[in-house]
Amino acid sequence: MSATYSIWIEPKGPLAAQLQKEIDYFADAYGGPSFPPHVTLVGGVHGTEEQIVECAQGLADVLQPYRIKFHHPAYGGIYHHCVYMLCHQDDATMRAGQLSKEAFSQGHTSSYMPHLSLLYSDIDEHVRKQAVEVVKRRLNEDSVDRLQDTGFNVDSIHVYITNPDDKLCKTWKRIKELPITKLKTVRH
């Protein structure tokens with residue numbers, strides 16, 4: 001049966017726990033859903049689970065480990081880009097985004113904007129701007145909640161089923177984690 005899938009990269013350990021805490025904080029404060037911290041490589045992919053996992057395995061086989069680096073908090077104009085941490089668009093990150101689109105035949109879709117969402121919501125723009133200021137206050141270097149790291153190493157990809165009609169993310173589910181198998185030293 002065909003469904004909608006997304007391919008993500010996810011932080012691990014203490015940083016993942018901290019980002020989950022922030023996502024939950026913003027969900028409570030602004031009325032959004034809770035969801036796992038992640039950076040989407042490619043979304044809106046349709047097919048059977050078997051087809052998607054096979055393509056994702058092919059992607060994992062060509063990717064090299066790399067590091068996602070956070071840049072600054074920002075906001076966007078759509079539900080899934082409400083408030084987020086924009087990530088640096090360095091060569092390795094952008095290459096992973098391009099390879100992901102190619103693996104799932106989305107090479108000519110919109111450009112890749114690596115980001116880690118902190119809030120999904122349809123709140124007004126002025127509230128989004130306020131939320132970004134809250135992120136800056138909560139996660140700045142003088143705050144007790146400051147980020148434990150400026151990014152994370154990517155050594156696997158994750159296949160998720162992500163029904164786009166489920167704005168509460170209740171049916172979203174991890175299907176598989178696939179290790180990136182090419183060897184490369186990741187620099188901090």
Side-chain angles (χ1 to χ4, degrees), residues 2-11 15-16 18-47 52 55-56 59 68-90 93-139 147 150-152 154 157-175:
S2 184
T4 303
Y5 296 86
S6 295
I7 309 303
W8 294 354
I9 54 177
E10 296 181 326
L15 179 63
Q18 181 187 20
L19 289 167
Q20 186 66 64
K21 179 181 160 191
E22 292 303 311
I23 289 166
D24 293 343
Y25 170 84
F26 286 101
D28 288 343
Y30 295 94
S34 180
F35 51 88
H38 66 279
V39 174
T40 301
L41 286 172
V42 64
V45 177
H46 299 279
I52 301 304
C55 283
L59 175 61
I68 280 285
K69 293 173 255 172
F70 301 131
H71 190 31
H72 61 80
Y75 71 93
I78 61 174
Y79 184 83
H80 290 108
H81 294 170
C82 183
V83 176
Y84 52 85
M85 289 297 293
L86 190 61
C87 300
H88 284 278
Q89 295 185 4
D90 57 45
T93 299
M94 298 310 287
R95 182 169 168 12
Q98 184 59 41
L99 288 171
S100 299
K101 287 180 179 230
E102 290 171 5
F104 290 93
S105 302
Q106 292 188 1
H108 299 292
T109 59
S110 62
S111 62
Y112 182 56
M113 182 186 73
H115 66 282
L116 188 140
S117 289
L118 297 170
L119 175 64
Y120 293 162
S121 180
D122 287 321
I123 55 178
D124 291 335
E125 183 178 7
H126 75 279
V127 180
R128 291 172 193 237
K129 286 180 184 179
Q130 291 171 350
V132 166
E133 293 306 313
V134 172
V135 172
K136 288 177 183 177
R137 281 194 306 275
R138 284 182 62 82
L139 301 181
L147 282 177
T150 57
F152 60 94
V154 178
I157 62 175
H158 304 262
V159 178
Y160 271 77
I161 190 161
T162 52
N163 177 348
D165 296 326
D166 178 9
K167 285 191 163 190
L168 298 178
C169 311
K170 297 287 187 198
T171 60
W172 291 15
K173 182 173 96 171
R174 181 188 298 160
I175 302 300

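The figures here come from the full heavy-atom set of this structure, side chains too, leaving out hydrogens, waters and symmetry mates.
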Q: As an exercise, state the distance from CZ of F104 to CG of L99, rounded to the nearest 0.5 Å.
A: 11.5 Å

Q: Of the non-hydrogen atoms in T162 and Y5, which two are nearest, and what is the gap between them?
A: OG1-C, 3.6 Å

Q: If you round to the nearest 0.5 Å, how far is CZ of F35 from CG of L118?
A: 7.0 Å

Q: Starting at CG of L59, measure out to CD of E102 and round the result to the nearest 0.5 Å.
A: 10.0 Å

Q: Which heavy-atom pair separates T93 from Y112 by the least distance, and what is that distance?
A: O-CE2, 3.6 Å

Q: Decide yes or no for F26 and V134: does some side-chain heavy atom of the first lie under 4.5 Å from some side-chain heavy atom of the second?
A: yes

Q: Over 60° means perpendicular and under 30° means parallel, so tell me whether H88 and H71 are parallel, tilted or perpendicular.
A: tilted

Q: Carefully, step by step, assess V159 and I7 under the rule side chain to side chain contact (heavy atoms under 4.5 Å, CB included).
A: CA-CA 5 Å; V159 178; I7 309 303; 3.9 Å; yes

Q: Measure the spacing between CD1 of I175 and OH of Y160 and express it to the nearest 0.5 Å.
A: 9.5 Å

Q: Search all heavy atoms of F70 against all heavy atoms of C87 and return the closest pair with its distance.
A: CD2-SG, 4.1 Å

Q: Could you give the distance from CG (N163) to CG (L168), rounded to the nearest 0.5 Å?
A: 11.0 Å

Q: Can you list everything that forms a side-chain hydrogen bond (donor to acceptor under 3.5 Å, both in side chains) with Y120? Sequence neighbours excluded, please.
A: H38

Q: Can you check side chain to side chain contact (heavy atoms under 4.5 Å, CB included) on L19 and F152, steps first, answer last?
A: CA-CA 12 Å; L19 289 167; F152 60 94; 5.5 Å; no

Q: For the backbone of G43 and the side chain of Q106, can you confirm whether one donor and one acceptor N or O come within less than 3.5 Å of each other?
A: yes

Q: Return the minimal non-hydrogen interatomic distance between A27 and P33, and the atom names on each side.
A: CB-O, 3.5 Å

Q: Residues in side-chain hydrogen bond (donor to acceptor under 3.5 Å, both in side chains) with K167, at least two apart?
A: D122

Q: Please walk me through it: do R128 and V132 pass side chain to side chain contact (heavy atoms under 4.5 Å, CB included)?
A: CA-CA 6 Å; R128 291 172 193 237; V132 166; 5.8 Å; no

Q: Considering non-hydrogen atoms only, spot the tightest contact between H80 and H115 and give its length.
A: O-NE2, 4.0 Å

Q: Under the criterion side chain to side chain contact (heavy atoms under 4.5 Å, CB included), I'd like the reasoning laid out for T171 against I161: C-alpha separation, chi angles, the key distance, then a yes or no.
A: CA-CA 8 Å; T171 60; I161 190 161; over 6 Å; no

Q: CD of E133 to CZ of R137: how many Å apart, nearest 0.5 Å?
A: 7.0 Å

Q: For S121 versus Y30, what's the shortest heavy-atom pair and its separation?
A: OG-O, 4.2 Å

